[in-house]
Amino acid sequence: MSETESRDFIRQIIHDDLESGKHEQIVTRFPPEPNGYLHIGHVMSICLNFGVTAETGGRTYLRFDDTNPGKESPVYVEAIEHDVRWLGFDWEDRLTHASDYFESLYESAVSLVAMGSAYVDSLSADEIREYRGTLTEPGKNSPHRSRSVEENLDLLARMRAGEFADGEHVLRAKIDMSSPNMNLRDPALYRIRHLTHQHTGDDWCIYPMYDFAHTLSDALEHITHSLCTLEFEDHRPLYNWFLDQLKPEHRPRQIEFSRLNLAYAITSKRKLNALVEEGIVEGWNDPRMPTIAGMRRRGYPAAALRHFVTRAGVTKKDKLIEMGVLENCVRENLGVTSQRRMAVLRPLRVVLTNYPEDIVEMVTAMNHPARPELGTRELPFSRELWIEQDDFMEEPPRKFFRLKPGGEVRLRFGYIIRCDDVIKNEAGEVIELRCSYDADTRSGTGSSDRKVKGTIHWVSCAHGVDAEVRLYDRLFTVAKPNTADDFHAVLNADSLQVVEAKLEPSLASMKAGETVQFERLGYFCIDSEEHSGSRPVINRIVTLRDSWARLEQQAMQQG
RNA sequence: UGGGGCGUAGCCAAGUGGUAAGGCAUCGGGUUUUGAUCCCGUGUACCGCAGGUUCGAAUCCUGCCGCCCCAGCCA
């Protein structure tokens with residue numbers, strides 16, 4: 001089966017549930033906590049949850065899991081909504097919050113207490129930890145575990161009423177302190193937090209814990225398949241315990257899949273935050289960040305991200321996906337959608353000694369070699385041109401078919417030129433090339449069908465537009481930066497290079513967010529934050545595949 | 001030394017007892033005024049290891065090994 005036809009194990013389950021009539025319609029949810037920005041790992045979950053319902057005519061909720069007011073903020077709520085929408089998904093009227101259900105959740109807690117399945121504990125956090133035991137030793141019961149239902153009901157009501165300070169009491173499920181599954185050792189259900197909540201304000205001073213709130217929210221929304229990552233597999237017995245105890249009419253099934261890890265990147269919210277706080281990157285939307293906001297600003301198309309997670313697949317196996325897979329998805333998408341332009345990143349002046357000084361010719365350039373319907377544009381060609389420094393070598397290795405002393409090369413859409421002289425500065429650096437052009441070789445004229453091996457790009461000096469171009473590279477030097485003792489030690493010092501580039505004049509009118517291919521260099525997009533008409537700022541999204549660079553690298557490695 | 005999960009080519013991943021799909025990468029070759037794109041070709045994967053069942057096992061059984069997760073009043 002090809003990647004588009006394959007049915008992963010979750011889609012298989014869903015397919016079976018539909019076919020057997022267990023469910024008529026699939027309902028899922030994407031439940032982020034609004035305590036940070038979404039990253040590439042979330043893209044996977046978003047595409048899965050919204051994808052399976054889009055494919056089967058189901059519904060998906062965007063639900064904010066906002067049960068911890070100390071860490072959450074409306075700025076994240078807004079950013080998350082923007083990111084999900086940008087990725088191409090629509091929750092229609094199904095935008096909810098776990099906090100929308102606080103009253104109902106509280107009633108469930110009261111029920112649990114009433115049936116003797118939960119109790120108010122007055123041990124301190126430290127004591128609770130001690131009583132919990134360890135991975136190999138069972139825990140022991142809290143002395144408060146045997147409180148009467150009446151006392152528990154009274155205490156819980158007073159917790160809600162605000163009679164106690166933070167940490168004084170906690171509501172716990174009464175399950176099994178000796179369970180080998182730590183999640184079942186009387187997990188906390190509610191804690192006291194005298195804090196203003198980003199969505200419910202000061203309505204509450206007790207807040208439900210994740211397991212309790214999440215399970216019941218799923219049930220209340222009639223979620224059929226609650227899809228989450230592998231680390232929650234141990235929580236499933238607790239998830240089911242809540243459902244058993246409270247016997248909801250709608251019983252969601254939790255299914256776990258493995259996270260998507262990207263090589264050379266980090267997806268820990270804490271570490272991502274550190275990168276921002278320490279000024280290592282410029283913000284959550286720094287184009288080097290693996291956040292959705294960062295990738296969007298970098299110029300990665302949403303469709304490429306969706307394609308990427310499809311390629312990665314849905315399984316339970318730990319995966320570390322190569323950066324190249326993501327980059328290829330981006331190239332594939334941009335390759336067909338982006339118009340071609342010319343720009344020189346590291347300019348080297350070329351003077352065509354036999355070209356008239358006062359003439360400017362207009363040459364015609366295709367906007368896309370495979371899509372003639374995208375038309376052409378006219379480029380000014382004159383006596384002095386910028387070419388890429390890399391496109392000239394004084395002492396080239398074999399198979400270098402760009403410019404070299406005495407050698408010929410074609411200027412894209414222009415003429416064939418020959419390098420006659422190399423001008424250097426006092427330091428011995430090449431600062432200018434004196435070349436001659438062959439007037440019979442103008443592109444498209446057909447007056448000469450001479451062939452030369454190389455074609456290079458160029459920009460007319462008199463017409464070029466100055467721009468700041470930002471060249472990005474991976475943020476880390478190792479494939480698994482998350483396993484480093486200190487991620488600072490594996491930061492890539494060269495993750496950002498800024499160059500002063502020369503652009504063909506047509507680029508001057510581009511608007512923020514627009515994407516083009518600079519021929520022979522890569523895909524670039526106009527920065528959405530810092531670009532201005534008078535000062536173009538451009539991001540390199542990804543380079544073109546470069547088999548010459550690969551050869552050079554191999555040659556280097558072989559000495 | 002407790003519990004839960006996972007182990008198919010460099011990276012992903014199909015496969016659910018009948019003799020190993022596909023994608024990406026790699027390496028060849030062709031086309032090409034982007035060393036891009038496109039096109040063609042290219043991999044002996046001892047299916048983690050060792051036993052066993054079977055005419056036949058990646059698929060079933062047993063034992064072992066390796067990796068990941070769990071001891072928040074975080075999610």
Side-chain angles (χ1 to χ4, degrees), chain A residues 1-8 31-33 35 65 67-68 70-72 121 123-125 128-130 132-139 166-172 179-185 187-193 207 209-211 213-214 228-237 256 258-260 263 269 310-325 328-329 331-332 335-336 340 342 366 368-370 399-402 409-414 416 441 443-444 451-457 517-522 543-551:
Chain A
M1 264 190 278
S2 79
E3 69 185 49
T4 50
E5 303 168 286
S6 69
R7 187 178 277 157
D8 57 69
E33 182 187 15
N35 71 340
D65 226 330
T67 57
N68 188 353
K71 291 186 173 177
E72 296 151 9
D121 200 350
L123 254 25
S124 71
I128 285 182
R129 189 180 318 118
E130 284 164 27
R132 186 156 32 228
T134 69
L135 295 178
T136 50
E137 303 158 36
D166 290 6
E168 244 184 280
H169 304 287
V170 61
L171 183 73
R172 291 230 255 169
S179 172
N181 181 343
M182 301 298 284
N183 296 111
L184 264 20
R185 320 249 261 227
L189 266 30
Y190 269 90
R191 75 287 218 188
I192 301 170
R193 284 285 128 89
Y207 293 95
M209 299 290 291
Y210 162 82
D211 289 291
H214 189 258
C228 62
T229 42
L230 242 36
E231 69 269 27
F232 293 103
E233 199 143 27
D234 283 345
H235 294 239
R236 195 168 66 226
E256 310 83 10
S258 61
R259 294 182 104 102
L260 184 162
K269 276 183 189 173
T310 301
R311 275 195 181 162
V314 180
T315 64
K316 300 189 71 158
K317 190 164 83 172
D318 288 344
K319 56 183 124 214
L320 180 67
I321 300 181
E322 293 168 343
M323 206 44 125
V325 179
N328 269 314
C329 290
R331 289 189 186 106
E332 277 175 34
V336 329
R340 265 105 251 230
M342 290 207 285
M366 303 246 298
H368 191 121
K399 289 196 173 177
F400 179 85
F401 38 89
R402 279 117 93 155
V409 76
R410 160 148 242 133
L411 293 174
R412 178 83 160 145
F413 303 122
I416 291 175
T441 57
S443 183
K451 296 267 183 190
V452 288
K453 189 74 175 166
T455 298
I456 65 173
H457 55 96
Q517 181 196 94
F518 287 168
E519 295 212 20
R520 302 210 308 130
L521 295 174
T543 62
L544 252 31
R545 267 217 194 81
D546 188 348
S547 54
W548 170 248
R550 210 188 303 138
L551 284 175

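Chain identifiers are assigned alphabetically (A, B, ...) following the order of the sequence lines, protein sequences preceding nucleic acid strands; residue numbering begins at 1 within each chain.
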Base of [N] paired with side chain of [X] (donor-acceptor, under 3.5 Å):
{"X": "A:E322", "N": "B:G10", "answer": "yes"}
{"X": "A:N181", "N": "B:G4", "answer": "no"}
{"X": "A:R129", "N": "B:G72", "answer": "no"}
{"X": "A:R520", "N": "B:U34", "answer": "no"}
{"X": "A:S443", "N": "B:U33", "answer": "yes"}

How far does the [atom1] atom of [N] sit from the matching atom of [M], given to the nearest Å?
{"N": "B:A58", "M": "B:G15", "atom1": "C1'", "answer": "8 Å"}
{"N": "B:A13", "M": "B:C6", "atom1": "C1'", "answer": "15 Å"}
{"N": "B:C74", "M": "B:U59", "atom1": "P", "answer": "45 Å"}
{"N": "B:C40", "M": "B:U32", "atom1": "C1'", "answer": "15 Å"}
{"N": "B:G51", "M": "B:G4", "atom1": "P", "answer": "28 Å"}
{"N": "B:G23", "M": "B:A75", "atom1": "C1'", "answer": "34 Å"}

Review item, nucleotides 64-66 of chain B N/O atoms under 3.5 Å of protein N/O:
none

Taking OP1 and OP2 of [N], is either one under 4.0 Å from a side-chain nitrogen or oxygen of [X]?
{"X": "A:R259", "N": "B:C69", "value": "no"}
{"X": "A:R550", "N": "B:C27", "value": "yes"}
{"X": "A:T315", "N": "B:A13", "value": "yes"}
{"X": "A:S179", "N": "B:G3", "value": "no"}

Looking only at the side chain of [X] (C-beta and beyond, no hydrogens), which of the listed nucleotides [options] gets closest?
{"X": "A:E233", "options": "B:C70, B:G4, B:G35", "result": "B:G4"}
{"X": "A:R412", "options": "B:G5, B:U33, B:G35", "result": "B:U33"}
{"X": "A:P369", "options": "B:A36, B:C69, B:A75", "result": "B:A36"}
{"X": "A:K317", "options": "B:C74, B:U33, B:G7", "result": "B:G7"}
{"X": "A:V325", "options": "B:C24, B:G35, B:A75", "result": "B:C24"}
{"X": "A:I321", "options": "B:C73, B:C12, B:A75", "result": "B:C12"}
{"X": "A:S547", "options": "B:A36, B:U33, B:A75", "result": "B:A36"}
{"X": "A:W548", "options": "B:C74, B:A75, B:G35", "result": "B:G35"}

So what does [X] hit on the nucleic acid, given a heavy-atom distance under 4.0 Å: a base, only sugar-phosphate, or nothing?
{"X": "A:Y207", "value": "nothing"}
{"X": "A:R402", "value": "base"}
{"X": "A:M209", "value": "sugar-phosphate"}
{"X": "A:S124", "value": "base"}
{"X": "A:F413", "value": "base"}
{"X": "A:L123", "value": "base"}

Roughly how many Å is it from [atom1] in [X] to [atom2] in [N], rounded to a whole number?
{"X": "A:E33", "N": "B:G72", "atom1": "CD", "atom2": "C1'", "result": "12 Å"}
{"X": "A:L230", "N": "B:C6", "atom1": "CG", "atom2": "P", "result": "8 Å"}
{"X": "A:H169", "N": "B:C73", "atom1": "NE2", "atom2": "C1'", "result": "13 Å"}
{"X": "A:D8", "N": "B:A14", "atom1": "CG", "atom2": "C1'", "result": "12 Å"}
{"X": "A:E519", "N": "B:U32", "atom1": "CD", "atom2": "P", "result": "17 Å"}
{"X": "A:R172", "N": "B:G72", "atom1": "CZ", "atom2": "C1'", "result": "12 Å"}
{"X": "A:K319", "N": "B:C12", "atom1": "NZ", "atom2": "P", "result": "8 Å"}
{"X": "A:R311", "N": "B:C24", "atom1": "CZ", "atom2": "C1'", "result": "6 Å"}

| query | Would A:M209 and A:L189 satisfy side-chain contact (heavy atoms from CB on, under 4.5 Å), going step by step from the backbone distance to the final call? | reply | CA-CA 5 Å; A:M209 299 290 291; A:L189 266 30; 5.5 Å; no

- [ ] Taking all heavy atoms of A:V314 and all of A:D8, pick out the closest pair and write down the distance.
- [x]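 What the structure gives for the nearest pair is O-CB, 3.5 Å.
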
Sidechain-backbone polar pair: [X] side chain, [Y] backbone, donor-acceptor under 3.5 Å:
{"X": "A:R132", "Y": "A:P187", "answer": "no"}
{"X": "A:K399", "Y": "A:L551", "answer": "no"}
{"X": "A:T441", "Y": "A:I416", "answer": "yes"}
{"X": "A:T229", "Y": "A:E231", "answer": "no"}

Non-hydrogen side-chain atoms of A:T455 and A:V409 separated by less than 4.5 Å
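With C-beta onward as the side chain, the pair stays apart.
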
Do A:N68 and A:N35 have side chains that get closer than 4.5 Å, going by heavy atoms?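 The answer is no; the side chains never approach within 4.5 Å.
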
Query raised in the report: Syn or anti for B:G72, taking syn as within 90° of 0?
Result: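 That one's syn.
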
### Query
Under a 3.5 Å cut-off for both distances, is B:G43 Watson-Crick or wobble paired, and to whom?
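Partner of B:G43: none found under 3.5 Å.
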
* Is the closest basic N to carboxylate O distance between A:R236 and A:E256 below 4.0 Å? ->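 Looking at A:R236 and A:E256, the cut-off is met.
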
A correct 5'-to-3' footprint of nucleotides 37-42 of chain B, with B, S and - meaning base, sugar-phosphate only and no protein heavy atom under 4.0 Å, is S-----

Look at the rings of A:F232 and A:Y210 and say which category their plane angle falls in: under 30° parallel, 30 to 60° tilted, over 60° perpendicular.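 Aromatic pair A:F232/A:Y210 classed tilted.
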
